[in-house]
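What you see is a predicted model; the values in this text were computed from it and never measured. Hydrogens, waters and symmetry mates are skipped; everything else that's a heavy atom, side chains included, is used.
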Amino acid sequence: MMGPGWYLRRLSRMGPAEVAGRARHAVVQRQWRSALPTPPDWPSHPRFTATLPAGVLGKVSGDAVKRLLVTADELMAGRAEFFGVERTDFAAPDWFLDPKTGRRAPSDRYAFDVPYRSEDTVGDIKQIWEPSRHQHLTVLAAAFAVTGSPAYASRVAEHLRSWWAANPPLRGPHWVSGIELGIRLLSWVWTRRLLDGWPGAAELFEENPDFQLQLWHHQNWLATLRSHGSSANNHVIAEDAGLLAAACAFGWFPESAGWRAAAMRSLDVQLGRNTFPSGLNAELASEYHGLVLELGLAAAVEADAAGTPVPDSTWDVLLRMTDALASIVDNRLRPPRQGDADDGFGLIVDGASTDRWASLLASGEALFGRRDWWPPVPGDDVRTPLLASLVSRTPRASGVRPGRRPAHLRDAGMTILRSGPVWVRCDGGPHGFLSIAAHAHADALSLEVRHDGVDVLADPGTFCYHGDPQWRSYFRSTLGHNTLELAGRDQSASGGPFLWTRHAVTKVLEVHTPDTGPARWSAAHDGYAPAVHRRTVELDGEVLKIVDEVLGENLPDAARLAFHFGPSVTVMLDGTTARLRWTAAPAGPDSFVGEGSSADSPAAGGGRAAGSVAADPLVGRVSGSLAGVVRTAVMELPAGLSWTVHRGAAEPPLGWYSAGFGRKEPATTLVGSGSPGHLTTLLRFS
């Protein structure tokens, strides 16, 4: 639970308008406690018309169908996995159980009295919330749509009826957070659409009083308690997207037209506010870029299909977001690992092994058209042909698009240096979004370095949000990233798990990214004022040079320079020379390997390949198939620092890599300690 100090710090980050808005919300929540709002009469013969065009399911590739059915059949067998925790009870799930802690959240308490941040009381709320986004039901419904097998549809009906019975309006933890309601509504829209050929679809949805009650209360909640002020980040996008989609597809209430108009206006405004002109998401967290883009595309397509005018400005933001994603991915279509990541998706109709980023780019290509500089995209997912079939015209592109691949997205402070198989992300951007910078990390001037898609110098990830404050702090810390820490403190000051009270200000000083030849980037930040940390990075072929300088008077005596390696990399340290070795997946120069397929990412495809080997646990390990290619590199570290090796330390945490939310594994970290000065690091790939 958050203490009084946290609430005071949180209040200090709000403006007067937000304080007044939260007071209004508190009044509404108190009114609802004593008397639920009353929904209007349901129309006598509602008809669902937001169906897929005839023949579109035949455009889904055979490979995409196979991947979809693998996941759907696992669900039918009662098996599911959320944030690294496997469940075998998913034939008839307990909607309030956290299988990680074994705790069960209160199901009969008034929603706004549920202490959802307290793991001791409710368990891990992410484990409880995620199944109730009902994205497993869109997968099962998609499996029915492509096969016609009624077993998938029947299981969907069982789960929905169970959930509606267990979660009456405003009771229990599933009515606390607007993002959960918004994503759930989007899932219901697509579940109904994909079940359209099933004889029981109308009885389950439009003819069902339980669905009517749930649908109205979800939309009324979102229309009344929309996030705002310092909380108007990805949450408000999900709220608007869900309300808009539901009011378009299930537009049978007297309020539906007003909900549609208000949600469309808000979505248009909030997408613009949440996106830099360059197209990157303003939270500077790559996974939230994906979430917001998925939500925005799904909502805009839904409105367009329903004949609700979608402003050109909305399509323009979605276009810029798509081009920005294409510009920053590496040669395996993996985006940077920056900021918070909680594996959140906007819409899932594909199998778990379908690559998220390839699918998003494929959808962008179908809706907007590709540019010549875009990377090759496989385009073999389920979602893309379904989304494209619903819009009135394609391509939807109308804005000005880059004529060459952007390397420096100035407003977001992100610079990508490329040379052959080497990909380097340089962080010179703002510290997060809005006054609380909720999903930011203290990672100014940090680097990510990949070789042919493999994490060499890695961003360690996120791991957790609630319940593990020590781990939450580590994965957000300066020491937890590839940058310089001074005086044993973070560059920016944390006020709690989703709150920063002091933000380091970073300025990019120089960028030189020619099409050929050496590339150079330099930036500085004031997080240790009056001292200034300046970093210069040069990439020349497969040689990377990193220069760290601390400038100013009365400099701190203690500095720690950290380099975090991906879990595939074995590190052998000899004085100030580190020898690196890893096994890369065999692939031709034009082949595609998705995020779940690299040696560093066990997430989607079912874990490590058989035949992987482990090296000395003190220095690292090699993961991946032995049939791959062995790669090596040499790292010359600053001689003025004393270097130590860390791997999987718990007290305090150091030497970890989180491939996805709820999962962590040991990885090697080198830490150089000493006095700040002119520190030069050379990384040479063989």
Side-chain angles (χ1 to χ4, degrees), residues 129-130 132-135 138 177-191 193 218-219 222-223 226-227 231-249 259-260 262-275 279-283 285-306 308 310-311 313-322 324-325 335 340-350 356-357 359-364 367-368 381 383-384 386-388 390-391 396 433 438-439:
W129 276 345
E130 194 70 15
S132 288
R133 290 185 172 187
H134 290 173
Q135 293 176 324
T138 54
S177 175
I179 187 174
E180 305 305 317
L181 278 74
I183 291 176
R184 193 155 53 238
L185 280 178
L186 194 58
S187 295
W188 290 353
V189 168
W190 275 88
T191 297
R193 171 175 289 128
H218 272 68
Q219 292 179 93
L222 293 175
R226 182 179 286 112
S227 296
S231 294
N233 53 12
N234 63 86
H235 283 235
V236 76
I237 304 296
E239 293 161 6
D240 288 337
L243 180 59
L244 176 60
C248 288
W259 285 338
R260 279 195 300 272
M264 188 71 259
R265 285 195 302 269
S266 179
L267 181 66
D268 180 58
V269 170
Q270 296 300 336
L271 277 173
R273 290 176 177 171
N274 275 259
T275 307
L280 278 187
N281 179 254
E283 293 193 78
S286 300
E287 283 210 7
Y288 285 106
H289 183 102
L291 173 65
V292 168
L293 181 53
E294 287 167 349
L295 291 166
L297 288 174
V301 164
E302 198 70 47
D304 192 74
T308 297
V310 180
S313 50
T314 297
W315 288 117
D316 178 64
V317 171
L318 298 173
L319 167 64
R320 287 188 281 115
M321 292 185 73
T322 304
L325 178 61
D340 272 348
D342 71 349
D343 299 356
F345 286 73
L347 173 66
I348 303 178
V349 291
D350 277 279
R356 175 190 199 168
W357 308 103
S359 173
L360 263 175
L361 289 174
S363 296
L367 293 172
F368 305 119
D381 62 325
R383 180 176 56 190
T384 291
L386 305 191
L387 283 179
L390 291 174
V391 298
R396 301 291 317 197
F433 179 52
H439 292 295

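- Here the straight-line distance linking atom CG of Asp343 with atom CZ of Arg356 works out to 8.0 Å at 0.5 Å rounding.
- Contact check for His218 versus Trp188: side-chain heavy atoms found under the 4.5 Å cut-off.
- Within the 3.5 Å criterion, the main-chain N or O of Leu318 finds a donor-acceptor partner in the side chain of Thr322.
- The side-chain heavy atoms of Glu283 and His289, taken from C-beta on, include no pair separated by under 4.5 Å.
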- Would you please test Arg184 and Arg133 for side chain to side chain contact (heavy atoms under 4.5 Å, CB included) and show each step? CA-CA 5 Å; Arg184 193 155 53 238; Arg133 290 185 172 187; 5.6 Å; no

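- Judged by distance alone, with hydrogens and angles left aside, the side-chain atoms of Glu287 form no donor-acceptor pair with the main-chain N or O of Asp340 at under 3.5 Å.
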- Task: Before giving the answer on side chain to side chain contact (heavy atoms under 4.5 Å, CB included), spell out for Ser132 and Glu180 the whole-Å C-alpha distance, their side-chain angles and the decisive distance to 0.1 Å.
- Result: CA-CA 8 Å; Ser132 288; Glu180 305 305 317; over 6 Å; no

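- Nearest heavy-atom pair across Gly344 and Glu294 is O-OE1, 4.4 Å.
- Nearest heavy-atom pair, Leu186 versus Ala245, reported as atom, atom and distance to 0.1 Å: CD1-CB, 3.6 Å.
- A distance-only check finds a donor-acceptor pair linking the side chain of Thr275 to the backbone of Leu271 [under 3.5 Å].
- When every heavy atom of Ala303 is checked against every heavy atom of Leu244, the shortest pair comes out as CB-CD2, 4.2 Å.
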- Query: Step by step, would you call Glu302 with Arg260 a salt bridge (Lys or Arg N to Asp or Glu O under 4.0 Å)?
  - Reply: CA-CA 11 Å; Glu302 198 70 47; Arg260 279 195 300 272; over 6 Å; no

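- At a threshold of 4.5 Å between non-hydrogen side-chain atoms, the residues Met264 and Thr314 count as touching.
- For the pair Leu243 and Leu181, the minimum side-chain heavy-atom distance is 4.5 Å or more.
- In this structure, Leu325 CG and Leu293 CG are separated by 7.0 Å, a value rounded to the nearest 0.5 Å.
- Judged as a ring-ring contact (aromatic ring centres under 6.0 Å, His included), and not counting sequence neighbours, Phe433 has no contacts.
- Using modelled atom types, no side-chain atom of Ser227 and backbone atom of His235 make a donor-acceptor pair closer than 3.5 Å.
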- Message: If you apply the rule side chain to side chain donor-acceptor pair (under 3.5 Å), what do you find for Ser313 with Asp316, and how did you get there?
- Response: CA-CA 5 Å; Ser313 50; Asp316 178 64; over 6 Å; no

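- For the pair Trp259 and Ala247, the tightest heavy-atom approach, listed with the atom from each and the gap, is CB-CB, 4.0 Å.
- A side chain to side chain contact (heavy atoms under 4.5 Å, CB included) with Leu297 is found for exactly one of Leu360, Val292, Leu347, namely Leu360.
- A distance of 8.5 Å separates CZ in Arg383 from CZ in Phe345, rounded to the nearest 0.5 Å.
- A pairwise comparison of heavy atoms in Ile183 and Ala238 identifies CG1-CB, 4.2 Å as the closest pair.
- Glu239 contributes no side-chain N or O that, together with a main-chain N or O of Arg226, makes up a donor-acceptor pair within less than 3.5 Å.
- At least one side-chain heavy atom of Leu295 sits under 4.5 Å from a side-chain heavy atom of Leu291.
- Of the residues Val317, Ile237, Val269, the one that meets the side chain to side chain contact (heavy atoms under 4.5 Å, CB included) test with Asn274 is Ile237.
- For the atom pair CG (Asp342) and OH (Tyr288), the distance works out to 3.5 Å, reported to the nearest 0.5 Å.
- In this structure a side-chain-to-backbone donor-acceptor pair under 3.5 Å is missing from Thr138 to Thr191.
- Remark: the backbone N or O of Ala263 is not paired with any side-chain donor or acceptor of Asp240 at under 3.5 angstrom.
- Heavy atoms only, all atoms of each residue included: Gly290 and Trp357 are closest at CA-CZ3, 3.7 Å.
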